[in-house]
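Predicted, not measured: the structure shown is a model, and the values here were computed from it.
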Amino acid sequence: MKKMLFVINPYAGMRKANRVLTEILTVFNRAGYRVEVHITEGPGDCERFVESYAGEADLAVCCGGDGTFNETVSGVMRSGRQIPLGYLPAGSTNDFAASIHLPLDPVKAAERIVSGAPRKLDIGRFGDRFFSYVASFGAFTKASYATPQTVKNALGHAAYVLEGISEISQIRPEHVRLELDDEIVEDDFLFGAISNSTSVGGILTLNENQVDMGDGKFEILLVRSPKDILEVGECIRALQAQTYNCAMITFRSAERVRVTASETMDWTLDGEREPGHREPVQVENLHHGITLMQ
């Protein structure tokens with residue numbers, strides 16, 4: 001019998017997955033899996049569990065938000081055992097799941113895992129950490145990790161929007177130097193994202209025709225500080241139209257990025273805080289780093 005590691009974050013999103021846990025496990029059992037269930041107890045617990053036991057399993061599945069999926073990916077990568085992954089999105093925003101069109105119904109997502117096909121996807125390595133879909137800095141990125149879980153559960157995606165609005169008075173540009181594959185970009189930026197996703201924070205959406213999550217490259221989106229109100233309007237129109245062709249926006253693709261910034265500038269990796277770095281950080285696209293059942 002095949003063995004599955006099943007990790008569930010009981011506090012994710014509206015906790016809807018908790019109410020159908022029996023149905024989820026029934027789907028896996030009927031597909032011939034012996035399921036070892038682990039309920040997370042806090043940050044880092046999922047990653048430690050998956051890293052410790054990935055070598056004994058045929059498949060690792062997580063149920064939670066993007067942070068839970070990040071920890072599952074990280075655990076598999078650190079284990080050195082490249083077993084397939086499954087994801088039941090149950091968070092407040094579910095950016096990664098939206099990018100690859102996973103069902104938001106946990107039972108339907110479970111059925112897709114056992115009946116679907118494997119898909120190779122890229123992931124990112126940021127220094128010594130991994131991320132599945134985005135490393136970002138600047139405006140609104142703090143909302144993903146600063147919003148209390150109880151507020152996320154009560155308000156869902158709206159909690160991120162409200163927390164982001166509260167950040168507006170604190171937004172200041174960050175001076176950042178990015179060495180891309182064959183280009184250097186340096187300026188003061190309000191926001192920056194190194195991503196492999198069509199959705200960032202559930203607020204910013206990239207054109208699906210410009211994002212291939214298995215091409216070995218990141219999409220890099222950088223937004224400069226506006227000089228006047230006209231530039232603000234131009235930037236908003238460009239983002240809404242997904243054209244990224246105004247003076248305030250830089251949009252590039254790259255396999256590797258070397259970032260130099262102030263150590264006081266925090267990052268967000270898949271919604272979780274990454275403290276600023278004193279030394280330059282290497283960000284690398286790990287081409288086809290994971291296999292996802294979907």
Side-chain angles (χ1 to χ4, degrees), residues 1-79 81-121 123 132-133 149-150 152-154 156-157 199 202 213 270-271 290-294:
M1 180 176 284
K2 298 172 291 185
K3 182 176 179 180
M4 175 192 296
L5 301 182
F6 180 65
V7 184
I8 181 169
N9 177 355
Y11 303 106
M14 308 295 286
R15 306 188 185 190
K16 62 180 180 181
N18 299 7
R19 299 190 289 270
V20 291
L21 181 56
T22 300
E23 294 176 58
I24 292 170
L25 295 178
T26 298
V27 170
F28 294 148
N29 287 156
R30 286 176 176 170
Y33 283 99
R34 177 167 58 87
V35 185
E36 181 171 348
V37 179
H38 182 77
I39 300 173
T40 63
E41 296 182 356
D45 184 43
C46 172
E47 180 177 343
R48 289 188 293 269
F49 173 77
V50 174
E51 181 180 2
S52 297
Y53 298 103
E56 303 173 11
D58 300 290
L59 177 66
V61 177
C62 68
C63 181
D66 290 328
T68 305
F69 184 71
N70 173 285
E71 288 201 24
T72 304
V73 169
S74 298
V76 167
M77 295 300 294
R78 296 191 190 285
S79 74
R81 175 82 188 279
Q82 294 300 304
I83 61 174
L85 303 174
Y87 181 27
L88 310 183
S92 303
T93 300
N94 304 307
D95 276 326
F96 180 80
S99 294
I100 56 176
H101 307 293
L102 292 181
L104 296 182
D105 180 292
V107 178
K108 290 182 179 178
E111 292 170 347
R112 280 273 294 272
I113 289 171
V114 299
S115 65
R119 179 182 177 184
K120 295 284 188 180
L121 295 173
I123 60 168
S132 60
Y133 76 95
Q149 186 65 54
T150 52
K152 293 180 186 179
N153 291 348
H157 171 61
S199 178
M213 298 175 68
D270 294 345
I290 61 171
T291 300
L292 187 74
M293 302 301 298
Q294 66 168 116

Next item on the list: Report yes if some heavy atom in the side chain of M213 is under 4.5 Å from a heavy atom in the side chain of F96; otherwise report no.
Entry: yes
Check: Quick check: are there more than 12 heavy atoms from other residues, nucleotides or ligands sitting under 6.0 Å from CG of L25?
Finding: yes
Item checked: side-chain contact (heavy atoms from CB on, under 4.5 Å) evaluation trace for F69 with L292 -> CA-CA 11 Å; F69 184 71; L292 187 74; 4.0 Å; yes
Next item on the list: Sort and list the pairs that fulfil salt bridge (Lys or Arg N to Asp or Glu O under 4.0 Å) and have at least one residue in residues 101-116, not counting sequence neighbours.
Entry: none
Next item on the list: Indicate the atoms forming the closest heavy-atom contact of T291 with P118, along with that distance.
Entry: CG2-CB, 3.5 Å
Checklist line | Smallest separation among heavy atoms of L5 and A57, with atom names | finding: CG-CB, 3.6 Å
Next item on the list: Quick one: do I113 and L88 satisfy side-chain contact (heavy atoms from CB on, under 4.5 Å)? Show the steps, please.
Entry: CA-CA 9 Å; I113 289 171; L88 310 183; 3.5 Å; yes
Checklist line | Non-hydrogen atoms of T40 and C46 that approach each other most closely | finding: CG2-CB, 3.8 Å
Check: What pairs meet the salt bridge (Lys or Arg N to Asp or Glu O under 4.0 Å) rule with one or both residues in residues 54-64, with sequence neighbours excluded?
Finding: K3-E56
Note to self: Are Q82 and M77 packed together at the side-chain level, in the sense that at least one heavy-atom pair is separated by less than 4.5 angstrom?
What the structure shows: yes
Next item on the list: Please name the pair of heavy atoms, one in P103 and one in P89, separated by the smallest distance, quoted to 0.1 Å.
Entry: O-CG, 3.3 Å
Next item on the list: Return the minimal non-hydrogen interatomic distance between T72 and A60, and the atom names on each side.
Entry: CG2-CB, 4.4 Å
Next item on the list: Please name the pair of heavy atoms, one in T68 and one in C62, separated by the smallest distance, quoted to 0.1 Å.
Entry: CG2-CB, 4.0 Å
Next item on the list: Show your working on side-chain contact (heavy atoms from CB on, under 4.5 Å) between Y33 and V61 and close with a plain yes or no.
Entry: CA-CA 12 Å; Y33 283 99; V61 177; over 6 Å; no
Notebook entry, point to check: Would you say H38 and V50 make side-chain contact, with heavy atoms under 4.5 Å?
Noted result: no
Margin query: Any side-chain to backbone donor/acceptor pair from E71 onto G44? Under 3.5 Å, distance only.
Written below: yes
Check: So do Y133 and L121 actually touch side chain to side chain, heavy atoms under 4.5 Å?
Finding: no
Next item on the list: Answer whether the closest heavy-atom distance between the side chains of L102 and Q294 falls below 4.5 Å.
Entry: yes
Next item on the list: Tell me, please, which residues at least two apart from S74 pass side chain to side chain contact (heavy atoms under 4.5 Å, CB included).
Entry: E47, N70, F130
Check: So do the side chains of I290 and V76 get within less than 4.5 Å of each other, counting heavy atoms only?
Finding: no
Notebook entry, point to check: Looking at side-chain heavy atoms only, is the closest gap between V107 and I24 below 4.5 Å?
Noted result: yes
Next item on the list: Examine distances only and state if a side-chain atom of Y87 and a backbone atom of M293 form a donor-acceptor pair shorter than 3.5 Å.
Entry: no
Next item on the list: Indicate yes or no: at least one non-hydrogen side-chain atom of I8 is less than 4.5 angstrom from one of N18.
Entry: yes
